[in-house]
2 protein chains.
Amino acid sequence: MDLVFRALADTTRRDIFQRVIGDGLSVSSLADDYEMSFAAVQKHVSVLERAALVTKERHGREQIVHGNLSTLRRAAALLDAFEEIWIGRATKIAEILGEKGSAT
Amino acid sequence: MDLVFRALADTTRRDIFQRVIGDGLSVSSLADDYEMSFAAVQKHVSVLERAALVTKERHGREQIVHGNLSTLRRAAALLDAFEEIWIGRATKIAEILGEKGSAT
DNA sequence: ATAGCGTACAACCATATGGTTGTACATCAA
DNA sequence: TTGATGTACAACCATATGGTTGTACGCTAT
């Protein structure tokens with residue numbers, strides 16, 4: 001999970017990820033749209049790959065980057081779990097206050 | 001957003017955050033439960049604070065750390081947005097396949 | 001065969017991160 | 001007042017990160 005959130009903690013990588021979810025893209029076509037060097041983009045893709053947020057599929061001489069939704073879902077589930085902890089607390093507060101059914 | 005995901009990209013910090021959502025805790029009571037030094041925990045809290053995932057409320061000589069749910073929600077919303085992009089693509093595929101209403 | 005494209009990877013650099021220890025200071029209790 | 005507690009912060013260190021350039025190598029097209 002550390003790897004997943006670390007991978008998402010960069011604007012360029014979130015942008016790459018977003019572009020790649022909808023449709024697979026080659027590394028070079030990704031790289032074309034950023035100011036930085038090709039190698040830098042390659043590294044960003046590599047970070048996403050190690051976090052299992054994307055996978056690469058070789059196609060001829062090109063390497064197509066695809067988004068991996070299941071990892072994204074695991075991260076989203078974790079954030080949801082945090083929120084549920086808070087809901088649990090709110091419920092407890094409501095119980096203490098003798099209120100029913102309406103959470104703030 | 002970079003700050004938020006970076007803050008969440010550490011097991012200790014996620015643990016701190018989780019413990020603090022349900023109930024506010026002083027920095028020292030947080031620090032008691034980790035092997036590392038007090039200063040290290042202080043730094044972790046500071047990272048969470050800069051990301052606006054927690055706030056500190058002074059109470060006497062203690063500083064109570066509270067979770068900030070709204071920032072959590074912003075992060076969760078971003079992940080949901082990614083997922084919706086994928087759903088959009090799935091819908092398109094479904095359209096292409098002539099299927100209706102059932103996404104895989 | 002050969003030239004160009006797409007990719008991989010190593011070496012290098014500056015800065016950020018995660019940890020430490022030490023010091024300082026305000027607050028609560030005796 | 002004095003001492004212990006809770007916090008803040010600076011200095012320092014090792015390692016990770018995000019960028020660069022350069023080199024190598026497999027594919028594609030001519």
Side-chain angles (χ1 to χ4, degrees), chain A residues 1-20 22-68 71 75 78, chain B residues 1-20 22-68 71 75 78:
Chain A
M1 247 330 142
D2 288 21
L3 290 176
V4 175
F5 283 113
R6 185 175 300 281
L8 291 170
D10 181 284
T11 306
T12 303
R13 284 196 294 265
R14 285 197 303 276
D15 194 65
I16 290 175
F17 181 63
Q18 175 170 345
R19 292 174 57 199
V20 140
D23 207 357
L25 286 172
S26 72
V27 179
S28 58
S29 68
L30 280 169
D32 285 345
D33 292 338
Y34 302 100
E35 289 300 310
M36 67 195 77
S37 68
F38 175 82
V41 174
Q42 218 177 6
K43 279 194 183 182
H44 281 305
V45 171
S46 160
V47 170
L48 288 165
E49 194 181 13
R50 267 184 288 131
L53 278 163
V54 306
T55 55
K56 286 193 287 192
E57 176 204 2
R58 182 165 284 288
H59 207 269
R61 67 183 160 188
E62 292 188 342
Q63 195 93 254
I64 308 297
V65 182
H66 296 276
N68 181 356
T71 301
L78 209 165
Chain B
M1 238 345 129
D2 288 21
L3 289 176
V4 175
F5 284 112
R6 185 176 300 280
L8 291 171
D10 181 283
T11 306
T12 302
R13 284 197 293 265
R14 285 196 303 276
D15 194 65
I16 291 174
F17 181 63
Q18 175 170 344
R19 292 174 56 199
V20 140
D23 206 357
L25 287 171
S26 72
V27 179
S28 56
S29 68
L30 280 170
D32 284 345
D33 292 338
Y34 302 101
E35 291 298 312
M36 67 195 75
S37 68
F38 175 82
V41 175
Q42 218 177 6
K43 279 193 183 181
H44 281 306
V45 171
S46 162
V47 170
L48 288 165
E49 194 182 13
R50 268 184 286 131
L53 278 164
V54 306
T55 55
K56 286 194 288 191
E57 176 203 4
R58 182 164 283 288
H59 206 269
R61 66 182 159 187
E62 292 188 341
Q63 195 94 253
I64 308 298
V65 182
H66 297 276
N68 182 356
T71 301
L78 208 164

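Because the structure is predicted, anything quoted here is derived from the model rather than measured. Lettering follows sequence order; numbering is per chain, from 1.
- Rounded to whole Å, the distance from CZ on Phe38(A) to C1' on dC9(C) is 11 Å.
- Looking only at side-chain heavy atoms (C-beta outward), Arg6(B) and Val4(B) stay at 4.5 Å or farther from each other.
- To the nearest angstrom, C1' of dG19(D) lies 14 Å from CD of Glu35(A).
- The residue Ser26(B) sits close only to the backbone: its heavy atoms come under 4.0 Å of sugar-phosphate atoms, none of a base.
- Between the OH atom of Tyr34(A) and the C1' atom of dG19(D) there is a distance of 16 Å, given to the nearest Å.
- To the nearest angstrom, C1' of dG19(C) lies 12 Å from CZ of Arg13(B).
- Interatomic distance, NE2 of His44(A) versus CE of Met36(A), reported as 4.5 Å (0.5 Å rounding).
- Proximity of Gln63(A) to Glu57(A): side-chain heavy atoms (C-beta onward) are nowhere separated by under 4.5 Å.
- Rounded to whole Å, the distance from NZ on Lys43(A) to C1' on dC12(C) is 9 Å.
- In this model, the phosphate group of dT20(C) is approached by a side-chain N or O of Ser37(B) to a distance below 4.0 Å at OP1 or OP2.
- When each of Val47(B), Val65(B), Ile16(B), Asn68(B) is checked for a side chain to side chain contact (heavy atoms under 4.5 Å, CB included) with Val54(B), only Val65(B) meets the rule.
- Put simply, Ser28(A) has no side-chain N or O that comes within less than 4.0 Å of OP1 or OP2 on dC5(C).
- At dG6(D), none of the side-chain N or O atoms of Gln63(B) fall inside 4.0 Å of OP1 or OP2 (strictly under the cut-off).
- Taking 4.5 Å as the limit, some side-chain heavy atom of Arg14(B) sits within range of a side-chain heavy atom of Thr11(B).
- Nucleotides of DNA chain D nearest to Val41(A) and Arg50(A) differ in position, and the one nearer the 5' end is that of Arg50(A).
- Note on Lys56(A): a side-chain N or O is less than 4.0 Å away from OP1 or OP2 of dA8(C).
- Along DNA chain C, the nucleotide nearest to Arg6(B) and the one nearest to Ser29(A) differ in position, and the one closer to the 5' end is contacted by Ser29(A).
- Look at CD on Glu62(B): it is 13 Å from P on dT5(D), rounded to the nearest Å.
- Taking side-chain N and O atoms only, Gln42(B) has a distance below 4.0 Å to OP1 or OP2 of dA8(D).
- Atom CG of Asp2(B) and atom P of dT15(C) are 19 Å apart (whole Å).
- Between dG6(D) and Arg58(B), no contact under 4.0 Å exists linking OP1 or OP2 to a side-chain N or O.
- OP1 and OP2 of dC25(C) both lie 4.0 Å or more from every side-chain N or O belonging to Arg61(B).
- Atom CD of Glu57(B) is separated from atom P of dG6(D) by 17 Å (rounded to the nearest Å).
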